[in-house]
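For reference, the structure is listed below as structure tokens.
Atom set for the values below is all heavy atoms of this structure, side chains included, hydrogens, waters and symmetry mates excluded.
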Amino acid sequence: QVQLVESGGGLVQAGGSLRLSCTASGRSFSTSPMGWFRQPPGKDREFVAAISWSGGTTYYADSVKGRFTISRENAKNTVYLQMNSLKPEDTAVYYCAADSATGGRSWWGLHPELSRAYDYWGQGTQVTVSS
């Protein structure tokens, strides 16, 4: 059974930092793109960041560019999201996601922000930023 498990969420003051981790089990994603999404309270899920299988290419939502960094450690089947300079509007449940295709879908690089680019999803971890 394939599972993605997020950790590292919590309560932090504005301006603070958190590092989220997402560890996969059940299969290796070392050759697949992965991403982070979030769902703020009362809003739809939105794209945050994505990373190619090699880690050589990354994508970010404009709202987090310059503050968040996505990285991965394939040997540990883990993807990370380093979040700095957090703002109250970053409050959300954060989800990691993984593409099942080796190397990723042919169009992943064109639209890494689409939910349908990913086949596996974690249960989410809550991040709350107080003002």
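- Between the side chains of T128 and T91, not a single donor N or O lies within less than 3.5 Å of an accepting N or O.
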Just list the side-chain donor-acceptor pairs under 3.5 Å for residues 7-18, sequence neighbours left out, or say none.
unit_1	atom_1	unit_2	atom_2	d
S17	OG	N84	OD1	2.9

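- Taking every heavy atom of both residues into account, S32 and R72 meet most closely at O-NH1, 2.8 Å.
- Under the side-chain contact (heavy atoms from CB on, under 4.5 Å) test applied with L20, the options E6, Q82, M83 reduce to a single match, M83.
- In this structure, Q39 contributes its side chain and K43 its backbone to a donor-acceptor pair below 3.5 Å.
- In the hydrophobic clustering of ILVMFWY residues, with side-chain heavy atoms under 4.5 Å counting as a link, Y95 and V129 come out apart.
- Atom-to-atom distance recorded for N74:CG and S30:OG is 5.0 Å, nearest 0.5 angstrom.
- For the pair S63/E89, no side-chain contact is recorded, criterion being any heavy-atom separation below 4.5 Å from C-beta on.
- Summarising the geometry of M34 relative to L4, their closest heavy-atom pair is CE-CD2, 4.3 Å, with the distance given to 0.1 Å.
- At least one side-chain heavy atom of P88 sits under 4.5 Å from a side-chain heavy atom of S131.
- Across P33 and G103, no two heavy atoms sit closer than the pair CD-C, 4.0 Å.
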Practice prompt. Begin with the C-alpha distance, continue with both residues' side-chain angles, and end with the deciding distance and a verdict on salt bridge (charged side-chain N to carboxylate O under 4.0 Å, His left out) for D99 and R116.
Written response: CA-CA 9 Å; D99 188 341; R116 60 187 176 89; over 6 Å; no

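- Two residues are said to be in side-chain contact when any heavy atoms from C-beta on lie closer than 4.5 Å; R67 and K87 meet this criterion.
- Atom CD of Q123 has 12 or fewer neighbouring heavy atoms from other residues, nucleotides or ligands inside a 6.0 Å radius.
- Side-chain atoms of R27 and S100, non-hydrogen and from C-beta on, do get closer than 4.5 Å to each other.
- In this structure, V79 and I70 have side chains that are in contact, with non-hydrogen atoms separated by less than 4.5 Å.
- The stretch residues 26-50 participates, sequence neighbours left out, in these ring pair (Phe, Tyr, Trp, His ring centres under 6.0 Å) pairs: F29-Y120, F37-F47, F37-Y118, F37-W121.
- Considering all non-hydrogen atoms of both residues, R45 and S115 come closest at NH2-OG, 3.7 Å.
- Pairs engaging residues 48-90 under the ring pair (Phe, Tyr, Trp, His ring centres under 6.0 Å) rule: Y59-W108 [sequence neighbours left out].
- Residues T69 and L81 fail the side-chain proximity criterion, which asks for heavy atoms closer than 4.5 Å.
- Ionic pairing of D44 and R38 is not present here: no N-O contact between side-chain nitrogen and carboxylate oxygen is shorter than 4.0 angstrom.
- In this structure, K65 places its NZ atom where more than 12 heavy-atom neighbours from other residues, nucleotides or ligands lie under 6.0 Å away.
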Practice prompt. List the steps and the verdict of side-chain contact (heavy atoms from CB on, under 4.5 Å) for V127 and D90.
Written response: CA-CA 8 Å; V127 171; D90 294 319; 5.5 Å; no

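- In this structure, I51 and T57 have side chains that are not in contact, with every pair of non-hydrogen atoms separated by 4.5 Å or more.
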